[in-house]
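This report concerns only the one structure given below.
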Amino acid sequence: MASPGTWADDEDLDVEEALALVKENPGRPHGHPGPPHGDPGHPHGRPGPSHGDPGHAAARATAGGRQGAPNGPAEPHEPSDSPESHHATPWPEARSAAERAARSAARAARRTPVSVPLDAALGLTLAAPLTALTDLPSFDTSAMDGWAVAGPGPWTVRDEGVLAGHGEAAPLTDGEAARIATGARIPADTTAVLRTEHGRTDDRDRLHPTREVVHGQDIRPRGQECRSGDQLLPVGTLATPPVLGLAAAAGYDTLTTVPRPRVDVLVLGDELLTGGLPHDGLIRDALGPMLPHWLRALGAEVRTVRRIGDDAQALEQAVTTCDADLIVTTGGTAAGPVDHVHPILRRIGADLLVDGVKVRPGHPMLLARLKDDQHLVGLPGNPLAAVSGLLTLAEPLLRTLAARPAPERYTLPLRDAVHGHPYDTRLVPVVLREDGAAPLHYNGPAMLRGIAAADALAVVPPGGARSGQEAELLDLPWATAGIGVCFT
């Protein structure tokens, strides 16, 4: 498995392009970009989870005349699902379309790099090289606790020791030693550092080595790691915790980074409760509490989460007055009597780039261009179906806007057979074991129980997969121990 935050060989041009775009000076938005730019070739990263979902809201039953989606390990297909009638976008192509849309938006927006303090830079992409502002270390330091010694032993030990964080000590003379702490500045004319466990004192309080002393041993010389002006990390590096530590050691208080894409979330559905137990046909909203953290894990700045209900006028006003880079809606993407997303997009003249995806759950998802530099991702309302749409469309779009590296693809054998959809890709929660990926139950479009216990989602091709068959896996941000584990 490739470590998170590395580039696949064929992703470099896309990342470099995004970085080049963000470094340009801000300008007026261009005219309509026309067809999406970029290579429509293979999809980037690992595919995102998705199942079919004819429903509208979280665990949507029959509220408002909308039909709930079936649950269970195998996704039954509707009578209309046939190769001739199923005209949704293939799942890999949908992910590629989201990336192309992001590159087009980056061209239009001409976003300027931002300077952020180190404690706010985790997960951002460097928009300028990290160049050492000082030698590291900036003076000769002791690598161990022990004694700084000069010349051959035995040595007379000074009364005053040398501690880290203190000024320069007086030079040593041959035959002299001084107690020294790890990280302390080496006195001038020191021959070596003798570790505490490698020295002993005699009855005359003279220090003797218990093994050979090599000139320069356990001394970190000035500039051992880098010299001032050396490039430590290139543009495009993801700011991981070690990167922040290196930046601090090299003298930085802030980093120049690609700004986070701004996201507003609109939660739709009159039947959703924000607290308490479900009752009287009302159900708990599972997406409002979940999506903002997931979007932050994907690198976004989530500015607001608004509950709109099934109010078409309020939804249209919210969409047309929003200035976020991406609007994410939940529910309302099907064709029911209160599914308002499609009619509103038509009224405001949005370009529908993806209208349905051949993936289960989540096939009613959509991607629309509202302005040259603004997009909307419409997620189905059922929770796992919404996760599918999030990782199918929002993840590649946000990753490209943030100039984040695409994760490398990897496969593992499935420990059990998995039922497939006749025509669509199916994404199934799995736990990772040494010998493969074990599919989990409770993977219906309205269920979160399976994915809550999962490490990844297995990409199951149309028709299903047999036990032992290699399956492509999409890691979940918190399961990879990578940068995505940061939700703030």
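- Annotation: salt bridge (Lys or Arg N to Asp or Glu O under 4.0 Å) contacts of D323 (sequence neighbours excluded): R303.
- Between the side chain of D455 and the backbone N or O of L432, at least one donor-acceptor pair lies under 3.5 Å.
- Q317 places no side-chain N or O within 3.5 Å of a backbone atom of A314 that could act as its donor or acceptor partner.
- Summarising the geometry of P289 relative to R307, their closest heavy-atom pair is CD-NH2, 4.3 Å, with the distance given to 0.1 Å.
- In this structure, the side chain of H363 does not engage the main chain of A88 through any donor-acceptor pair within 3.5 Å.
- In terms of modelled atom types and a separation under 3.5 Å, the side chain of T330 and the main chain of G381 share no donor-acceptor contact.
- Side chain of D325 to main chain of R262: a donor-acceptor pair is present (N/O by atom type, distance under 3.5 Å, no hydrogens or angles).
- At least one donor-acceptor pair under 3.5 Å links the side chain of R111 to the backbone N or O of L401.
- Of all non-hydrogen atoms in C226 and A132, the two that sit nearest each other are SG-CB, 3.7 Å.
- The side chain to side chain donor-acceptor pair (under 3.5 Å) analysis of residues 428-438, with sequence neighbours excluded, yields no pairs.
- Looking at T125, its side chain does come within 3.5 Å of a backbone N or O of A402 through a donor-acceptor pair.
- Checking side-chain atoms of D135 against main-chain N and O of S228 turns up a donor-acceptor pair under 3.5 Å.
- Closest non-hydrogen pair, L255 versus Y252, comes out as CD2-CD2, 4.3 Å.
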